[in-house]
There are 2 protein chains.
Amino acid sequence: MKMGVRNDKKTTMQDRLGKIKTFYKKHKRLPSYSEMLQIFGLSSKNSVFKIVSKLIEAGFLKKEEDKLAPTSKFFALPLIGLVKAGFPILAEENRDYLTLDDYLIGDPQSSFLLKVSGDSLIGLGIFDGDIVIIEKKRLATSGDIVLAQIDREWTLKILKKDGMRTHLESANPKYPPFYPRNELEIFGVVKAVVRKFN
Amino acid sequence: MKMGVRNDKKTTMQDRLGKIKTFYKKHKRLPSYSEMLQIFGLSSKNSVFKIVSKLIEAGFLKKEEDKLAPTSKFFALPLIGLVKAGFPILAEENRDYLTLDDYLIGDPQSSFLLKVSGDSLIGLGIFDGDIVIIEKKRLATSGDIVLAQIDREWTLKILKKDGMRTHLESANPKYPPFYPRNELEIFGVVKAVVRKFN
DNA sequence: TAGTATAGTAAACATTCGTTCACTTTGTCA
DNA sequence: TGACAAAGTGAACGAATGTTTACTATACTA
């Protein structure tokens, strides 16, 4: 059996990669070679050296300027498309990889999260309790979901520019459009929404 | 003005923290002290040493077993609640911090992402093009959103157990419930959903 | 069964690491 | 103006780092 060998090797490698991932998740950094010694239960640094070399070859780690660092493949989750009837839904090939943080957050410096309350945006699939990622900015274009202060009251709504005037709308037929009496100040634009089940 | 001093200091610190964050985002690791020298444009390692000490005090970095590592505050985005009329929406105090990856992904090893196609779950706020986080498992409880194979066809639906029988439902009145002719095999449970706008 | 690649051990190495000490410069407040 | 804290410089240090070389044990292949 030709594949037997390669699979055994692979599982061991995956095991070790898993141990490194666990370490990384806990410590937010890669273990040093000495630490890998303990993690792997080995006793020669050269063993670690070889293992790391293979992980670099496999594309999970990399070196830049002699420093070891994880690649994006190290973090990313496999992203698959739902092929209607096809089988190879979890096959190794044709996989994309995606890191949620990178995918969702453009500029971390100017972003923050907001826990949504209310049902005024259910039409856009934003429910009570969802968390939206907001990018701080004072300008937005018509159709953007904005965090704004309308006549001193904070709200999360859809920005609509009809000619000269600007107003806010809900995504729920229950609520009427909001026309500012005096001020309408925009503080940020919703870039993404996330929701956890259970 | 008492605050003037502290604010000036803070911005400098924030600047430097920002530079470290930028480095981290690019290299997926913290810069060494020598690298910080370049990043900060300084020329004595001891300067870096002092700066790092302050960042540790401020709670952005930490040491464990003599190794420098970022804290969760280093990564996290501020999470705020929408106080109806209150002002201090972006105030430093009373802030929660949240890392999306940690928040959304429970067990990275057994999780993968799936790009949703179709409108069968719009009732749950899961739209065409959204990405769901799925945890691999073969068992689920009634009400879970599951990735399943029903009579050889892959689908993402709500699992319903009515007594002995098990079937799948949509979250869209357009579609009828699906009762398996022969087989119904569960492959994973949807733990979260994310959607990017624009 | 002999041959050979794979995995691990052991010791030695220069390099880089973070830290400490002593000193200088800058800026603020009384 | 003088005093004092904050911010930065420069050199020196032991300790830990990743890498190399040489050797051993295991296991698959022919």
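Reminder, nothing fancy here: chain letters follow the sequence lines and each chain counts from 1.
The cationic atom of Lys196(B) (NZ for Lys, CZ for Arg) lies less than 6.0 Å from the six-membered ring centre of Tyr103(A) and within 45° of the ring axis. Cation-pi geometry between Arg138(B) and Phe187(B) is met: under 6.0 angstrom from the ring centre, within 45 degrees of the axis.
One atom, CZ of Phe40(B), and another, C1' of dT9(D), lie 16 Å apart when rounded to the nearest Å. Atom-to-atom, NZ of Lys50(A) to P of dA5(C) comes out at 14 Å; the value is rounded to the nearest Å. Note: CG (Leu55(A)) to P (dA7(C)) measures 12 Å, nearest angstrom. Rounded to an integer number of Å, the gap from CZ of Arg29(A) to P of dG18(C) is 11 Å. To the nearest angstrom, C1' of dG8(D) lies 16 Å from CE of Met36(B). At whole-Å resolution of the value, CG in Leu42(A) and C1' in dT24(D) are 15 Å apart.
Salt-bridge formation is detected for the pair Arg152(B)/Glu183(B): a Lys NZ or Arg NE/NH1/NH2 atom is positioned less than 4.0 Å from an Asp or Glu carboxylate oxygen. Salt bridge present: Lys174(B) and Asp119(B) bring a charged side-chain N and a carboxylate O closer than 4.0 Å. Salt bridge Asp102(A)/Lys28(B): present, at least one basic N to carboxylate O contact under 4.0 Å.
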Query raised in the report: Using a cut-off of 4.0 Å between protein heavy atoms and nucleotide atoms, how would you tag nucleotides 14-21 of chain D 5' to 3' with B, S and -?
Result: --SBBBBB
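Proximity of Arg16(A) to the phosphate of dA7(C): no side-chain N or O atom is located under 4.0 Å from OP1 or OP2. The side chain of Ser44(A) contributes no N or O atom lying less than 4.0 Å from OP1 or OP2 of dG8(C). Ser43(B) has a side-chain polar atom (N or O) that falls below the 4.0 Å cut-off from OP1 or OP2 of dG10(D).
Across all strands shown, Ser47(A) has heavy atoms under 4.0 Å from base atoms, whether or not it also approaches the sugar-phosphate.
Between Phe178(B) and His167(B), the distance from one ring center to the other does not fall under 6.0 angstrom.
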